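Comments concern the structure below.
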Amino acid sequence: MAEVLQKPTVEEIVSKLNSDCPCVNVTRTETRRVYATAPRENSFQVCKYIHDNLTFEHCSTVIGVDYVDHMTVVYHLTNYYTGVMIELSVDIPADDLHIESVTPIWEGANWHERETWELFGIVFDNHPKLKRLLTPDTYEFFPFRKSYKLRGSE
């Protein structure tokens, strides 16, 4: 079992991710901030590792980004002891907008995932209640997608 770090520094986080999660690519760091990417097929396990072994007890946001040819889910994960945040980005192919829900790890991710699904159409597999929050149930569009056209726009 991996060692649990209660108050990890940015350097310790990068070291642990590099040694214990080889699929994670740390792209850069700043004071109290780590930027990283992970493949979709490993995203749930990476998030579980970050929660359990690096004591990141809060998922501040889950957001979608539309790059037209693919989407990206961005997680902002916070360690309250140190104030360090990990920004974890996971690319998803445009023709298969599914990713595992992290709600079993951080219950607070529930509404973030629902909102991201509702606005971008990214499906969070095994989410406990993937229902609309902001738009009517009959709404068939995803308004934050770049392909979404407003009425009257060309």
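Because the structure is predicted, anything quoted here is derived from the model rather than measured. Positions are given from 1 along the sequence.
- Between R132 and T135, the side chains place a donor N or O and an acceptor N or O closer than 3.5 Å (distance only, hydrogens not considered).
- Seen from the ring of W111, R114 counts as a face-on cation partner, given the 6.0 Å and 45° thresholds.
- Annotation: side chain of L77 is in contact with side chain of W106 (closest heavy-atom distance under 4.5 Å).
- Between atom CD of residue E113 and atom CG of residue D125 there is a gap of 10.0 Å, rounded to the nearest 0.5 Å.
- Residues L17 and L54 are in side-chain contact: their nearest non-hydrogen atoms beyond the backbone lie under 4.5 Å apart.
- Side chain to side chain, T72 and D91 meet the donor-acceptor criterion of an N or O pair below 3.5 Å.
- Around atom CD of E107, no more than 12 heavy atoms belonging to other residues, nucleotides or ligands sit under 6.0 Å away.
- With contacts defined as side-chain heavy-atom distances shorter than 4.5 Å, the pair V123/L130 qualifies.
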Open item on the list: Checking E87 against Y75 for the side chain to side chain contact (heavy atoms under 4.5 Å, CB included) test, could you report, in this order, the C-alpha distance in whole Å, the side-chain angles of both residues, the deciding distance, and whether it holds?
Closed with: CA-CA 6 Å; E87 181 177 296; Y75 302 91; over 6 Å; no

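- A side-chain donor from one of T61 and H76 sits under 3.5 Å from a side-chain acceptor of the other.
- In this structure the side chain of I86 reaches within 4.5 angstrom of the side chain of I13, judged on heavy atoms.
- The closest side-chain donor-acceptor pair between T55 and N79 falls under 3.5 angstrom.
- Taking the six-membered ring where tryptophan is involved, the planes of Y139 and F141 are perpendicular, since the angle between them exceeds 60° and thus also 30°.
- Between the CH2 atom of W117 and the NE2 atom of H98 there is a distance of 12.0 Å, given to the nearest 0.5 Å.
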